[in-house]
K.L.:
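One structure is given below, represented as structure tokens, and several questions about it will come after.
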Amino acid sequence: LVEAAKDRLGLTLEGPPAEWGWAAEDQFGIEAKRKSMAVIFLIDRTYLKFLQKVVDATLRVYDRYLEEDDLVGYYGLGDEWIFEMDRKGDRPEELREKIAGSVEKRGDPNVYSSIDKMVDVLVGVDEAQYSKWLVVLTDTADFECSNAKNIFDKEAPARAEAAADELIGKMHSTKGLNLVIIDAHELGNFNKKHHMWPTWQRLSQRMTNEVGDGNTGLNIEAAEESQIDEAFDKVAGAMTGGAAG
């Protein structure tokens with residue numbers, strides 16, 4: 001605001017906002033309206049112990065940072081839509097109530113296939129009109145890489161790698177995607193000695209590091225419940241900044 005006031009209005013603002021004569025958050029139309037966003041929250045609801053915190057943080061982003069013209073969808077990891085992507089302004093209270101009411105243990109640790117479904121949805125969104133965001137909260141564990149007997153055998157890392165490779169390839173063919181992974185493995189760690197953790201962690205980083213040209217990725221670790229709020233604040237900051245650099 002200080003720079004915009006100087007460049008566009010010829011005003012030099014000095015001192016704290018209290019001395020300007022108006023509030024720092026007042027709108028004067030000197031900053032361009034941000035591009036509308038198409039946002040999908042993909043939330044792991046398999047850990048009830050910190051799910052309320054996650055839902056509250058999602059609501060805060062929904063309330064404070066999403067505008068009427070933004071599209072928003074909410075999907076449970078390894079489960080189904082809580083609500084499909086829709087314009088916030090068409091039914092803001094209904095969508096809000098669905099987020100608030102989602103504190104229910106459901107779903108499965110199906111990370112790659114769930115992200116894949118959400119990328120398919122965002123592929124159909126016009127990147128010229130919308131900034132596309134996929135916000136994923138997960139402990140990074142993907143149980144679909146187990147064998148037919150639900151055992152994580154010696155081939156499990158290769159199956160996980162193949163699933164991630166396919167997903168990364170799909171993201172490379174997508175333009176304008178901002179992928180955010182909030183990594184809660186320290187919070188939801190079901191077995192700290194599980195031999196798949198190094199693979200899951202590495203692939204989580206790969207997905208945001210190799211999201212593809214024209215796309216951006218951000219990987220945020222939430223090791224404690226208090227860091228869930230911080231992680232979603234970083235998401236909001238990236239959104240208002242225009243990209244998850």
Side-chain angles (χ1 to χ4, degrees), residues 40-55 57-58 75-80 102-119 134-172 177-212 215-235 238 244:
I40 297 176
F41 295 99
L42 174 57
I43 303 300
D44 187 339
R45 296 196 292 162
T46 62
Y47 292 102
L48 196 56
K49 64 180 181 179
F50 58 86
L51 183 55
Q52 182 69 64
K53 192 82 168 178
V54 172
V55 169
T58 304
Y75 194 92
L77 193 81
D79 189 28
E80 60 186 7
S102 67
V103 186
E104 176 188 5
K105 185 176 180 179
R106 284 185 61 115
D108 293 296
N110 301 342
V111 177
Y112 313 125
S113 63
S114 295
I115 294 177
D116 186 272
K117 290 175 184 176
M118 299 303 99
V119 170
L134 176 55
V135 181
V136 185
L137 183 134
T138 172
D139 68 354
T140 75
D142 187 283
F143 281 23
E144 288 184 299
C145 65
S146 62
N147 64 18
K149 296 181 180 180
N150 293 322
I151 296 172
F152 293 95
D153 57 8
K154 64 180 182 179
E155 302 301 326
R159 286 192 290 269
E161 194 89 41
D165 284 344
E166 184 174 352
L167 174 56
I168 289 169
K170 177 175 288 188
M171 290 192 295
H172 282 190
L177 174 66
N178 298 286
L179 172 66
V180 182
I181 294 181
I182 300 174
D183 177 350
H185 77 275
E186 288 287 348
L187 275 170
N189 202 333
F190 69 95
N191 179 354
K192 292 184 182 295
K193 296 182 179 180
H194 199 288
H195 72 91
M196 284 296 297
W197 281 120
T199 298
W200 288 327
Q201 288 290 281
R202 178 174 54 79
L203 294 178
S204 172
Q205 288 289 338
R206 270 197 66 200
M207 283 187 287
T208 52
N209 289 344
E210 302 177 23
V211 70
N215 302 324
T216 61
L218 181 63
N219 203 298
I220 307 169
E221 185 172 347
E224 301 175 1
E225 280 195 45
S226 63
Q227 293 178 338
I228 291 174
D229 284 341
E230 295 174 14
F232 277 86
D233 285 343
K234 288 180 181 178
V235 171

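When reading the values below, keep in mind they use all heavy atoms of this one structure, side chains included, and skip hydrogens, waters and symmetry mates.
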K.L.:
Between Thr216 and Val211, what is the shortest heavy-atom contact and its length?
P.N.:
C-CG1, 3.6 Å
K.L.:
Roughly how far apart are Met118 CE and Ser113 OG, rounded to 0.5 Å?
P.N.:
9.5 Å
K.L.:
Test Met207 against Leu167 for side-chain contact (heavy atoms from CB on, under 4.5 Å), laying out the working first.
P.N.:
CA-CA 8 Å; Met207 283 187 287; Leu167 174 56; 3.4 Å; yes
K.L.:
If I compare all heavy atoms of Val55 with all of Ser102, which pair ends up nearest, and what's the gap?
P.N.:
CG2-OG, 3.4 Å
K.L.:
side-chain contact (heavy atoms from CB on, under 4.5 Å), that's the test. Do Leu77 and Leu42 meet it? Break it down for me.
P.N.:
CA-CA 6 Å; Leu77 193 81; Leu42 174 57; 4.0 Å; yes
K.L.:
Lys170 versus Asp116: any side-chain heavy-atom pair under 4.5 Å?
P.N.:
yes
K.L.:
Tell me whether the rings of Trp197 and Trp200 are parallel (<30°), tilted (30 to 60°) or perpendicular (>60°).
P.N.:
perpendicular
K.L.:
Dump the intermediate steps for side-chain contact (heavy atoms from CB on, under 4.5 Å) on His195 and Phe152, then the final yes or no.
P.N.:
CA-CA 9 Å; His195 72 91; Phe152 293 95; 3.7 Å; yes
K.L.:
CZ/Phe143 to CE/Met196 distance, rounded to the nearest 0.5 angstrom?
P.N.:
10.0 Å
K.L.:
Test side-chain hydrogen bond (donor to acceptor under 3.5 Å, both in side chains) on Gln201 and Asp183; report intermediate values, then the result.
P.N.:
CA-CA 9 Å; Gln201 288 290 281; Asp183 177 350; 3.2 Å; yes
K.L.:
Which pair of non-hydrogen atoms, one from Lys105 and one from Leu51, has the smallest distance, and what is that distance?
P.N.:
N-CD2, 4.5 Å
K.L.:
Show the nearest heavy-atom pair for residues Val235 and Ile182, with the distance to one decimal.
P.N.:
CG2-CD1, 4.1 Å
K.L.:
Look only at the side chain of Ser114 and the backbone of Gly78, and say whether a donor-acceptor pair between them is shorter than 3.5 Å.
P.N.:
yes
K.L.:
State the CD1-CG distance between Ile181 and Leu203, to the nearest 0.5 angstrom.
P.N.:
10.0 Å
K.L.:
Taking the side chain as every heavy atom from C-beta outward, state whether Leu179 and Val136 have any pair of such atoms under 4.5 Å apart.
P.N.:
yes
K.L.:
Start with the C-alpha gap between Leu137 and Phe50, add the side-chain angles, then the distance that decides, and say whether side-chain contact (heavy atoms from CB on, under 4.5 Å) holds.
P.N.:
CA-CA 12 Å; Leu137 183 134; Phe50 58 86; 4.2 Å; yes
K.L.:
Can you name the nearest heavy-atom pair linking Tyr47 to Asp139, along with the distance?
P.N.:
OH-OD2, 2.7 Å
K.L.:
Rounded to the nearest 0.5 Å, what separates atom CG in Asp233 from atom CD1 in Ile228?
P.N.:
12.0 Å
K.L.:
Would you mind reporting whether Ile220 and Val180 have side-chain heavy atoms less than 4.5 Å apart?
P.N.:
yes
K.L.:
Can you measure from NE2 (His185) to OG1 (Thr138) and round to the nearest 0.5 angstrom?
P.N.:
11.0 Å
K.L.:
Distance from Arg159 atom CZ to Asp142 atom CG, nearest 0.5 Å?
P.N.:
11.0 Å
K.L.:
Counting only heavy atoms not in Glu104 (residues, nucleotides, ligands), do more than 12 fall under 6.0 Å from its CD?
P.N.:
yes
K.L.:
Salt bridge or not for Glu224 and Lys53, using N-O below 4.0 Å?
P.N.:
no
K.L.:
Show the nearest heavy-atom pair for residues Glu161 and Arg206, with the distance to one decimal.
P.N.:
OE2-NH1, 2.9 Å
K.L.:
Using the rule given for salt bridge (charged side-chain N to carboxylate O under 4.0 Å, His left out), can you reason through Glu225 versus Lys49, listing the C-alpha separation, both sets of side-chain angles and the distance that settles it, and then say yes or no?
P.N.:
CA-CA 10 Å; Glu225 280 195 45; Lys49 64 180 181 179; over 6 Å; no
